[in-house]
Amino acid sequence: MKYQIFKDKIIVFDKEDFDALQILECGQFFAYQKIEKGFDVFSEDKYAKVIETDKGYEIITDSPHYFEDFFDLKNDYSKIKNKLSGYEILKKPIEFGHGIRILKQDLFEVLISFILSANNNIKRFSKTLFKMREKFGKRMDGYFAFPTRKQLLRATEKDFVELGAGYRAKYLYNVLRQVDEKTLEEWRSLETKTLRNKLISLSGVGPKVADCVLLFGYHRQDVFPVDTWIEQMYHKFYGDKEQNREKIREFLVGEFGEFSGYAQQYLFFFMREN
DNA sequence: GCCCAGGGATGCG
DNA sequence: CGCATCCATGGG
């Protein structure tokens, strides 16, 4: 994909492998807001404004190299889509979600975000996450940074309830006392299976949340998060042989192997939007 | 008022 | 183990 980096922006000359709406609304990310002709995007303490142009996008930001990595710009999605289109079942989903990219999000932020996502609706917990920024994060120029673990350690369980976390407040309170940002970074060296077990041992993290952190944070591509939409997709396209989520997950990882994560995103987006 | 949300923890057999 | 039940709460 063609793009150019400047000191205050990235220019993307492409709409085929980069579609801001698809990237942001395919369920991997929640810290964005719709603005005229684009989106405000927040990650950690960084900010970018993504604007659609005639031939592509402008990513306007003080941290162009951060967002080059964040949007996974060095990765060749044409190649990935080309390989995956060998699967008959993926042909329409890939065409439909051609501009999806899997973000490389901050580990701590993605962990907290997906703990809140469990049995919750996106609109509600996105609001909780923004309120968490306002209450505990550093005030930046016109927005708030995502709070650090140290900042969140000052929160009581009741504070999280007041932000709208519901019964997940306890999970947040606990998980903050189980890991820090440094430990999450160190876990990058672990193989996927070991790492997955480490994540599942954390409070509020089960198989699905662990797979989301693996895919959207650690960028592990050999995982296939199974949620309600993927469950529907499985029954629609593959029948009713397996009933429990763990079995469905094993089947789908077996089916898509090292490209599971990408396949999952195309299928998820296709199911949810149709 | 009712049902649902990108599930996880807990307890029970 | 595998399965059932409970869980807070805003949005639709």
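For the side chain to side chain donor-acceptor pair (under 3.5 Å) test with R124(A), the passing option among T128(A), N121(A), N120(A) is N120(A); the others fail.
Remark: K2(A) is positioned above the aromatic ring of F13(A), its terminal NZ or CZ atom under 6.0 angstrom from the ring centre and at most 45 degrees off the axis. Relative to the six-membered ring of F39(A), K34(A) meets both conditions, a distance below 6.0 Å and an angle of at most 45° to the axis. Figure legend: R177(A) and Y173(A) shown as a cation-pi pair, the cationic atom lying under 6.0 angstrom from the six-membered ring centre and within 45 degrees of its axis.
Using a 4.0 Å heavy-atom cutoff across all strands shown, P207(A) reaches sugar-phosphate atoms only and no base atom. Nucleic acid contact for V226(A): none, since no nucleic acid atom lies under 4.0 Å from a heavy atom of the residue. F268(A) comes within 4.0 angstrom of a nucleotide base, judged by non-hydrogen atoms across all strands. Across all strands, L215(A) comes closer than 4.0 Å to no nucleic acid atom at all (heavy-atom distances). Residue contacts for Q264(A): at a heavy-atom cut-off of 4.0 Å it reaches a base atom on one of the strands shown.
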Tabulate protein N/O versus nucleotide N/O from nucleotides 10-12 of chain C, keeping only pairs under 3.5 Å, one per line.
unit_1  : atom_1 : unit_2  : atom_2 : d
dG10(C) : N2     : N121(A) : ND2    : 2.9
dG11(C) : OP1    : K127(A) : NZ     : 2.8
dG12(C) : OP1    : K123(A) : NZ     : 3.4

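Although no hydrogens or angles enter the test, the distance criterion places no donor-acceptor pair under 3.5 Å between the side chain of T183(A) and the main chain of V179(A). Remark: the backbone N or O of F270(A) is not paired with any side-chain donor or acceptor of E273(A) at under 3.5 angstrom.
Ranked by how close their nearest DNA chain B nucleotide is to the 5' end, G27(A) and S203(A) are led by G27(A). Toward the 5' end of DNA chain B, the nearer of the two residues V205(A) and N120(A), judged by each one's closest nucleotide, is N120(A).
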Does the pair K37(A) and E52(A) meet the rule for a salt bridge (charged side-chain N to carboxylate O under 4.0 Å, His left out), with working shown?
CA-CA 6 Å; K37(A) 295 212 117 193; E52(A) 187 169 0; over 6 Å; no

Which is it for Y32(A) and F130(A) under the ring pair (Phe, Tyr, Trp, His ring centres under 6.0 Å) test, yes or no, and what are the steps along the way?
CA-CA 9 Å; Y32(A) 66 93; F130(A) 274 116; 8.5 Å; no

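With rounding to whole Å, L116(A) atom CG is found 14 Å from dC7(C) atom C1'. When rounded to the nearest whole Å, the span between CD of E157(A) and C1' of dA8(C) equals 12 Å. Distance CE (M271(A)) to P (dA5(B)): 13 Å, rounded to an integer number of Å. Per the geometry, CD1 belonging to I122(A) stands 17 Å off P belonging to dC4(B), to the nearest Å. With rounding to whole Å, L199(A) atom CG is found 12 Å from dG8(B) atom P. Following rounding to the nearest Å, N119(A) (CG) and dG6(B) (P) show an atom-to-atom distance of 9 Å. As rounded to whole Å, 13 Å separates atom C1' of dG8(B) from atom CG of N174(A). Put simply, CG on L163(A) is 13 Å from C1' on dT9(C), counting in whole angstrom units.
Comparing the same atom, P, in dG6(B) and in dT5(C) gives a spacing of 24 Å after rounding to whole Å. Here the separation of dG11(B) from dA8(C), taken at their P atoms, is 14 Å to the nearest Å.
Centre separation under 5.5 Å together with a plane angle under 30° does not hold for the ring of W229(A) and the six-membered base ring of dG6(B), so they are not marked as stacked.
Residue side chain Y171(A) does not reach the base of dG7(B) through any donor-acceptor N/O pair under 3.5 Å, judged by distance alone.
For DNA chain C, no neighbouring residue in residues 243-262 of chain A is found when judged by any heavy atom under 4.0 Å.
Between F71(A) and F18(A), the ring center distance clears the sub-6.0 Å criterion.
At least one side-chain heavy atom of L73(A) sits less than 4.5 Å from a side-chain heavy atom of R101(A).
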